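Owing to the predicted nature of the structure, the values given are computational and were not obtained by experimental measurement. Lettering follows sequence order; numbering is per chain, from 1.
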There are 2 protein chains.
Amino acid sequence: MTYANALAALADPTRRTVFERLRGGAKPVGEIANGLTVSRPAVSQHLKVLKEARLVTEYRDGTRRFYAIDTQGLEAVRKYLDGFWDEALTRFKAFAESEEPRRGKRKGKSK
Amino acid sequence: MTYANALAALADPTRRTVFERLRGGAKPVGEIANGLTVSRPAVSQHLKVLKEARLVTEYRDGTRRFYAIDTQGLEAVRKYLDGFWDEALTRFKAFAESEEPRRGKRKGKSK
DNA sequence: CATTTGCGTAAGTCATAGCTTACGCCTATC
DNA sequence: GATAGGCGTAAGCTATGACTTACGCAAATG
């Protein structure tokens, strides 16, 4: 059930920011934390969560710890989401959209 | 930023259960809540969150409210995740994997 | 028109998640 | 071998989110 951990990990905004900072490639913790509003220990804690969710990998070089994106967690989430694109689902969706207007008022407001 | 709401919505286990119950097609609230460990009002609150995240749509039939999966939220998340599959990323991943063993100990243990 | 069915919403409780500061462990360097 | 850099972890605080019960509203039903 890695997809569950990955979803929970990606749900937090600052943790997503940490994760997104790894887009360009592997970075040590200090560099990741630099410029963020939260403290460096907070970043360490986020990285721990991301690691357990298979979203990042870690390797050490001297005194530093480099973190890089791990595609395992991403793939797990992707697979989970793909399970909702069944033809049965989209077929129903088409049905609902043609049925709904007859029922009456759809709430057009966004938020 | 719908993907952010969708990720937050899918992070909760019981909310995911609610969402997954819509796989077979649209269902009224009572039917969704039936068999779950949480109360029906709790389900209503979850559906509200899912709706704001564009993960479900709602339409009414008499006194009932039917909920069905909305692919908008799913697509938003999918797009977000796809942004991490850049060639630059996978290229780096290959680099890291060839570089890492030389550095020494990789932590092979899972949890 | 009173009652029932099917919901959403309000209010309040409780657990948890994210943050901080303080501390301690490695590794490198002098 | 002492010092400094780079992190992870522990402990504690606080906000938030998931739940409950109580209530109220709209549509169907008699």
Side-chain angles (χ1 to χ4, degrees), chain A residues 4-22 26-53 55-68 100 102-107 109 111, chain B residues 4-22 26-53 55-68 100 102-107 109 111:
Chain A
N5 295 330
L7 283 172
L10 292 174
D12 183 68
T14 56
R15 192 155 44 217
R16 265 200 313 271
T17 303
V18 168
F19 185 62
E20 292 164 6
R21 285 217 165 186
L22 268 33
K27 289 189 181 63
V29 179
E31 189 173 340
I32 300 173
N34 190 20
L36 291 187
T37 63
V38 297
S39 68
R40 182 198 50 77
V43 172
S44 273
Q45 292 166 0
H46 284 307
L47 287 169
K48 181 180 183 179
V49 175
L50 290 170
K51 188 179 175 184
E52 288 174 353
L55 285 168
V56 301
T57 55
E58 172 217 323
Y59 67 89
R60 314 180 184 196
D61 184 12
T63 114
R64 317 194 194 180
R65 286 164 149 90
F66 284 81
Y67 285 87
E100 189 177 339
R102 280 199 270 138
R103 303 296 185 180
K105 48 245 90 185
R106 169 194 266 202
K107 298 197 21 186
K109 303 195 35 185
K111 170 124 177 244
Chain B
N5 295 329
L7 283 172
L10 292 175
D12 184 69
T14 56
R15 192 155 44 215
R16 266 201 312 272
T17 303
V18 168
F19 185 61
E20 291 163 6
R21 286 219 165 184
L22 268 34
K27 288 190 182 62
V29 179
E31 189 172 339
I32 299 172
N34 191 19
L36 291 187
T37 62
V38 297
S39 67
R40 184 198 50 75
V43 173
S44 275
Q45 294 166 359
H46 284 307
L47 287 168
K48 182 180 183 180
V49 174
L50 290 170
K51 187 180 176 184
E52 289 175 352
L55 284 167
V56 301
T57 54
E58 173 217 323
Y59 68 89
R60 312 180 185 199
D61 185 11
T63 113
R64 317 196 193 176
R65 287 165 147 89
F66 284 81
Y67 286 87
E100 190 176 339
R102 278 199 273 138
R103 304 294 185 181
K105 45 236 99 178
R106 170 191 267 198
K107 297 194 25 184
K109 304 195 32 182
K111 171 84 180 279

Euclidean distance, atom CD of residue E52(B) to atom P of dG17(D) [Å, nearest integer] | 12 Å
Do you know the tightest heavy-atom contact between L47(B) and V18(B)?
-> CD2-CG1, 3.7 Å
Mind running a 4.0 Å heavy-atom check of residues 28-37 of chain B against DNA chain C and sending the residues that fall below it, in number order?
-> P28(B), V29(B), G30(B)
Would you name the heavy atoms of R15(B) and A9(B) that are closest together and state the gap between them?
-> NE-O, 2.7 Å
How about L36(B) and T14(B): do any of their side-chain heavy atoms sit closer than 4.5 Å?
-> no
Within less than 4.0 Å of OP1 or OP2 of dT20(C), is there a side-chain N or O belonging to S39(A)?
-> yes
Quick one: is T14(A) getting a side-chain N or O under 4.0 Å of the dG18(C) phosphate, OP1 or OP2?
-> no
If you measure from CZ on R40(B) to CG on N34(B), what distance do you get to the nearest 0.5 Å?
-> 12.0 Å
d(CG, N5(B); P, dG17(D)) in whole Å = 11 Å
Measure from CD on Q45(A) to P on dA17(C) and round the result to the nearest Å.
-> 12 Å
Contact class for R40(A) (heavy atom, under 4.0 Å): base, sugar-phosphate, or nothing?
-> base
Any side-chain N or O of R64(B) less than 4.0 Å from the OP1 or OP2 oxygen of dC7(C)?
-> no
Could you tell me the separation between the CZ atom of R15(A) and the P atom of dA17(C), rounded to a whole number of Å?
-> 9 Å
Considering just the side-chain nitrogens and oxygens of R60(B), establish if one lies under 4.0 Å of OP1 or OP2 belonging to dA27(D).
-> no
For F19(A) and L55(A) the tightest heavy-atom approach is CE1-O, 3.2 Å
Regarding the side chain of H46(B), the nearest nucleotide among dG18(C), dA18(D), dT5(C) is dA18(D)
Roughly how many Å is it from NZ in K51(A) to P in dC7(D), rounded to a whole number?
-> 14 Å
For L10(A) and L7(B) the tightest heavy-atom approach is O-CD1, 3.7 Å
When you measure from the side chain of P41(B), which nucleotide among dA22(D), dG5(D), dC19(D) comes out closest?
-> dA22(D)
Is there a side-chain contact between E52(A) and K48(A), using heavy atoms and a 4.5 Å cut-off?
-> yes
L10(A) CG - dA17(C) C1' separation (whole Å) | 16 Å
Could you state the atom-to-atom distance from CZ of R65(A) to C1' of dG5(D) in whole Å?
-> 13 Å
Please state how far atom CG in L47(A) lies from atom P in dC19(C), giving the value in whole angstrom units.
-> 12 Å
